[in-house]
There are 2 protein chains.
Amino acid sequence: MTDKKTGANPLFLREEELRQAIELLFFAYRDFTSEADAMLAHQGFGRAHHRVIYFVGRHPMISVSDLLLILKITKQSLSRVLSQLVRDGYIVQQQGTEDRRQRLLRLTDKGVAIERDLTEAQRQRIARAYREAGADAVAGFRAVLLGIMEPPDRSRFDRGRET
Amino acid sequence: MTDKKTGANPLFLREEELRQAIELLFFAYRDFTSEADAMLAHQGFGRAHHRVIYFVGRHPMISVSDLLLILKITKQSLSRVLSQLVRDGYIVQQQGTEDRRQRLLRLTDKGVAIERDLTEAQRQRIARAYREAGADAVAGFRAVLLGIMEPPDRSRFDRGRET
DNA sequence: GGCAATATGTCAACAAAGCTGACGTATTTT
DNA sequence: AAAATACGTCAGCTTTGTTGACATATTGCC
């Protein structure tokens, strides 16, 4: 298709640049999740448990449907993981006051503790990468990732504030 | 732990900044993979098939063991997916000339075609994000993701060239 | 030449985490 | 009173990872 042999071919550079981006995401995400995955395996949990614990910790008293909007999985898939976390005492459900159909979720002390341990390795990994890359690079990292994600979730990152 | 109420607390800002990074990665990766996943489901394949097709396309005549080093999965997991791709005519295996124990992998025309279709959506997504964010942001994006991944794979991104 | 190491493949069993479809209950909204 | 919503559950299926054991072909070394 594109004649790769032509020396200073902008199309080739673009193709190579875009493929590198794809691979950067793959390798970075693979390593980003690997440490927490290993810790979770010890506890008999998986990455899905971490995601639930993380976002419940991040948004205390979140409703089940809002959590589903974040995770973009089916309620049946969430249910299996969430039931285990409730059963094992990491999360408690509490009936909503305004809308009593809701089962609002929050971490127990035990849940907060495991969240801290699990996320700590990821935080340190990011912190090191941020420190080594510098503030300008961090701004670029944010801008590109915001551009990659679908618009609806971008607003979660407005002004360093929670939605 | 850290007193969140203190107004200009650098530790709080740092904590918020790091959590946003974690979430940026989660949301961006979730959406980055979703389109190709949907196309794959049509063909009866999954994300694992895409990864194999992608990296075989990227590194023609790659050995099975080198592919395993990239994917970091077990040979049994790879074998299942790879066998299907060979059976269905997307990949051919060819005995190595220097080391005849090797089964070097390359895409067939059919494999090249599906790789192009699958990766096209991802390339366009990245291209748009790159274009909107600008060259400096792209440099920052690369620097931070390189810092997040484990060192051994960083050399794959030296000088826009393949290893 | 012989033997250990390597590259690859395969069988079997299992687990995590996603999916669809169907159905039920409590509560709110219209 | 009826419809819509929030949530939960049962049942079955798929993809993709895991461990462990074992087999074959080939290479490298002493």
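In the text below, chain A, chain B and the rest are named by the order of the sequence lines, each starting its count at 1. These numbers come from the heavy atoms of this one structure, side chains and all, not from hydrogens, waters or symmetry mates.
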Show your reasoning for whether side-chain contact (heavy atoms from CB on, under 4.5 Å) applies to A:Asp153 and A:Arg156. CA-CA 6 Å; A:Asp153 281 315; A:Arg156 298 182 184 278; 2.8 Å; yes

Determine, stepwise, if the pair A:Tyr90 / A:Phe45 fulfils ring-ring contact (aromatic ring centres under 6.0 Å, His included). CA-CA 12 Å; A:Tyr90 295 97; A:Phe45 287 156; 5.5 Å; yes

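Residue A:Arg47 contributes atom CZ, which lies 14 Å from atom C1' of D:dT15 at whole-angstrom precision. Computed from coordinates, the A:Leu40 CG to D:dT18 P distance equals 15 Å when rounded to whole Å. Across the protein-nucleic acid pair, A:Gln102 atom CD and D:dA6 atom C1' stand 7 Å apart, rounded to whole Å. Spacing between atom CD1 of A:Ile91 and atom P of D:dC7 amounts to 14 Å, rounded to whole angstrom units. Here the P atom of nucleotide D:dA6 and the CD atom of A:Gln93 are 16 Å apart, to the nearest Å. With rounding to whole Å, B:Leu78 atom CG is found 17 Å from D:dT15 atom P. When the P atom of D:dC7 is taken as reference, atom CG of A:Leu69 falls 10 Å away, rounded to whole Å. Distance, B:Leu82 CG to D:dT16 P: 13 Å, rounded to whole Å.
Looking at which nucleotide of DNA chain C each of B:Lys75 and A:Lys72 is closest to, the 5′-most match is held by B:Lys75. Nearest-nucleotide positions on DNA chain C for A:Arg51 and A:Gln76 put A:Arg51 closer to the 5' end.
At distances below 3.5 Å, not a single donor-acceptor pair connects side-chain atoms of B:Ser79 with backbone N or O atoms of B:Gln76. Checked by atom type and distance alone, the side chain of A:Arg106 never pairs as donor or acceptor with a backbone atom of A:Leu104 at under 3.5 Å. Using a distance-only test at 3.5 Å, with no hydrogens or angles considered, a donor-acceptor pair links the side chain of A:Arg125 to the main chain of B:Ile148. A donor-acceptor contact shorter than 3.5 Å links the side chain of A:Gln122 to the backbone of A:Phe32.
Boundaries of the chain A contact region on DNA chain C are C:dA16 to C:dT28, first to last in 5' to 3' order (nucleotide atom under 4.0 Å from a heavy atom).
Contact annotation for B:Ser65: backbone-only contact, meaning every heavy-atom pair under 4.0 Å involves sugar-phosphate atoms and none involves a base. Counting any heavy atom pair closer than 4.0 Å across all strands shown, B:Arg80 reaches a base atom.
In A:Asp136, the CG atom is not crowded: 12 or fewer heavy atoms of neighbouring residues, nucleotides or ligands sit closer than 6.0 Å.
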Per-nucleotide protein contact string for nucleotides 25-30 of chain D, where B marks a base within reach and S marks sugar-phosphate only (heavy atoms under 4.0 Å, - for neither): BBS---

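Residue B:His49 places none of its side-chain N or O atoms closer than 4.0 Å to OP1 or OP2 of D:dT15. Distances shown here put every side-chain N or O of B:Ser77 at or beyond 4.0 Å from the OP1 or OP2 atom of D:dT16.
Exactly one of A:Thr74, A:Leu67, A:Leu68 qualifies for a side chain to side chain contact (heavy atoms under 4.5 Å, CB included) with A:Leu71. That residue is A:Leu67.
Aromatic rings from A:Tyr29 and B:Phe26 are positioned such that their centres are separated by 6.0 Å or more.
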